[in-house]
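Here's the structure, in structure tokens; my notes come after.
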Amino acid sequence: MLRRQDVGHRVVVRRIVGISEDRPLFTDALGELVELTETELTLATAQGTVRVPLQEVHRAKRVPATRRPRAADVIALELASNEGWPAPVQGRLGAWILRGAQNWTGRANSALTVGDPDRPLDAAIDAVVDWYDRHGQRALINAPMPLAAPVNAALDARGWTARPLTLVQTAPLARLLATTAERPDLPPVGLADEPTDDWFAMVAEHKGTLPEAAVRVLTAVPETVFAQVRDADGELLAVARGTVTGAERWHGIGLLQVAPRARRKGLAQHVTRAMAGWAAQRGATRAYLQVEERNTAAVALYQRVGFDTHHTYLTREAPA
């Protein structure tokens with residue numbers, strides 16, 4: 001049977017799904033174990049999230065990972081992502097990065113647990129809680145998997161809850177440009193160095209009211225582009241934000257949003273292609289984005305244009 005230290009690893013689960021002629025019927029599920037409670041386990045599989053009651057589990061075991069990224073590659077991408085979404089308030093705990101941004105987004109308000117915290121794990125978690133207490137915030141921890149599997153196991157033992165699984169996906173820029181066609185039939189994508197008021201307003205519709213810290217997160221990166229598509233009357237149809245960060249010149253794609261009346265017309269790919277061209281001109285060769293695994297429509301879109309999951313992470317919340 002699986003244990004909490006298996007969270008973040010690839011596992012196979014044989015599940016009892018029925019009885020035929022007095023014999024049990026089984027089905028197998030293969031994926032990353034993202035949660036294990038006293039009553040069920042949750043897998044992230046190629047077909048989506050699968051939740052299995054423990055009473056239906058016949059056998060379960062850890063299996064070797066396929067295309068598992070090197071720890072150094074996960075750390076490098078997470079650090080580039082941190083540069084692309086910089087919290088205004090930051091602290092250090094060894095190599096861990098403590099981040100605060102007036103509670104705007106989990107990414108900018110959680111401790112990024114990559115590298116060595118320079119103390120035993122339990123003491124490091126205590127220090128994270130103390131730091132967020134001093135800043136008047138509930139403690140959150142960002143645990144990239146499978147790199148931070150020991151962190152997740154320790155948090156499970158402490159009763160920390162988990163937000164939905166996030167996929168960190170990557171794609172070569174050349175692939176993005178090859179899979180997204182030019183669309184002269186659509187309004188052009190405007191690429192600006194600064195966001196407009198209505199750009200902020202459209203983002204706020206999706207991300208909630210933007211505090212001062214949010215504006216700083218969005219505008220503090222030196223190489224940032226704010227994409228927008230407008231109709232003939234000047235009304236916004238789509239927005240997005242792109243960055244180039246990290247020693248390896250990663251292109252970060254975020255806040256891609258299309259107005260409801262303009263969906264299913266190819267605008268998301270239209271914007272993605274324009275930003276990919278902008279990033280390529282600045283020396284980037286690969287792109288990344290972060291998307292919740294349960295957002296199946298967005299995951300399907302990104303898969304169509306060439307994104308694959310590099311690794312995943314869980315945002316963990318301290319008990320209230």
Side-chain angles (χ1 to χ4, degrees), residues 7-10 31-35 42-46 48-49 65-87 95-97 99 105-115 140-152 155 162-173 175-176 207 217 221 240-256 268 272 275-276 279 284-316:
V7 171
H9 293 273
R10 190 166 178 256
E32 181 179 316
L33 181 65
V34 297
E35 188 175 15
T42 303
L43 298 178
T45 75
T49 300
T66 58
R67 298 189 304 154
R68 181 171 177 171
R70 296 185 310 146
D73 293 335
V74 173
I75 291 173
L77 180 48
E78 285 293 332
L79 293 178
S81 174
N82 181 65
E83 289 181 32
W85 200 260
W96 288 12
I97 304 174
R99 306 175 292 190
T105 74
R107 200 186 335 170
N109 290 277
S110 57
L112 178 59
T113 56
V114 295
L140 301 178
I141 283 180
N142 179 311
M145 303 298 289
L147 181 68
V151 176
N152 266 316
L155 297 176
R163 293 183 178 180
L165 180 72
T166 297
L167 310 180
V168 180
Q169 299 196 310
T170 61
L173 285 187
R175 184 190 300 169
L176 292 186
K207 287 291 189 180
V217 168
V221 180
R241 174 181 178 267
T243 58
V244 175
T245 57
E248 297 181 357
R249 307 291 290 166
W250 280 98
H251 170 43
I253 299 172
L255 301 175
L256 178 56
T272 299
M275 293 202 306
T285 59
R286 291 180 292 173
Y288 73 89
L289 55 82
Q290 300 185 4
V291 58
E292 284 191 2
E293 188 271 342
R294 64 181 180 179
N295 188 349
T296 55
V299 172
L301 165 66
Y302 298 136
Q303 185 178 37
R304 287 197 298 272
V305 299
F307 278 94
D308 298 311
T309 298
H310 184 271
H311 65 277
T312 64
Y313 72 75
L314 288 169
T315 298
R316 307 298 303 268

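One-based numbering along the sequence shown. These numbers were taken from a predicted model, which means no experiment stands behind them. Just the heavy atoms: all of them, side chains too, but no hydrogens, waters or symmetry mates, feed the values below.
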- request: Using the side-chain contact (heavy atoms from CB on, under 4.5 Å) rule, take L165 and M145 through it: C-alpha gap first, then chi angles, then the decisive distance, then the call.
  value: CA-CA 10 Å; L165 180 72; M145 303 298 289; 5.7 Å; no
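- In this structure, CG on L79 lies 9.5 Å from OG1 on T245, to the nearest 0.5 angstrom.
- Two residues are said to be in side-chain contact when any heavy atoms from C-beta on lie closer than 4.5 Å; T309 and V168 fail this criterion.
- The side-chain heavy atoms of E83 and W250, taken from C-beta on, include no pair separated by under 4.5 Å.
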query: Taking it one step at a time, do H311 and L147 satisfy side-chain contact (heavy atoms from CB on, under 4.5 Å)?
result: CA-CA 9 Å; H311 65 277; L147 181 68; over 6 Å; no
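- Remark: of the listed residues N109, T105, N82, N82 is the sole one forming a side-chain hydrogen bond (donor to acceptor under 3.5 Å, both in side chains) with R99.
- The two residues G31 and L43 make their nearest non-hydrogen contact at O-CD2, 4.3 Å.
- The nearest pair of heavy atoms linking R163 to G106 is NH1-CA, 3.7 Å.
- A side-chain donor-acceptor contact under 3.5 Å links W96 to the backbone of G115.
- A 6.0 Å sphere centred on CD of Q303 holds no more than 12 heavy atoms belonging to other residues, nucleotides or ligands.
- T113 and A143 make their closest contact through OG1-CA, 3.6 Å (heavy atoms, listed as atom of the first residue, atom of the second, distance).
- One finds the OG1 atom of T166 at 8.0 Å from the CG atom of N142 (value rounded to the nearest 0.5 Å).
- Within the 3.5 Å criterion, the main-chain N or O of Y288 finds no donor-acceptor partner in the side chain of T170.
- Between E292 atom CD and L167 atom CG the span is 9.5 Å, to the nearest 0.5 Å.
- A284 and L173 get closest at one heavy-atom pair: O-CD1, 3.2 Å.
- Closest of all the heavy-atom pairs between G84 and V221 is O-CG2, 3.8 Å.
- Contact of the V217 side chain with the R107 side chain is not registered, since no non-hydrogen atoms from C-beta on lie closer than 4.5 Å.
- A donor-acceptor pair is defined here as one N or O able to donate and one able to accept, closer than 3.5 Å; no such pair exists between the side chain of S81 and the backbone of L77.
- Without hydrogens or angle criteria, H251 side chain to T243 main chain gives a donor-acceptor distance under 3.5 Å.
- Between P146 and V74, the closest side-chain pair of non-hydrogen atoms is not below 4.5 Å.
- Under the 4.5 Å side-chain criterion, counting only non-hydrogen atoms from C-beta, E293 is not in contact with T312.
- Expressed to the nearest 0.5 Å, how far CZ of F307 lies from CG of L289 amounts to 4.0 Å.
- Minimum interatomic distance between G246 and A80 (heavy atoms only, all atoms of both residues): CA-CB, 4.0 Å.
- One distance of note links CG of D73 with CD of E78; it measures 12.0 Å at 0.5 Å rounding.
- The distance from the CZ atom of R249 to the CZ atom of R286 is 13.0 Å, given to the nearest 0.5 Å.
- A heavy-atom distance below 4.5 Å is found between the side chains of R175 and D308.
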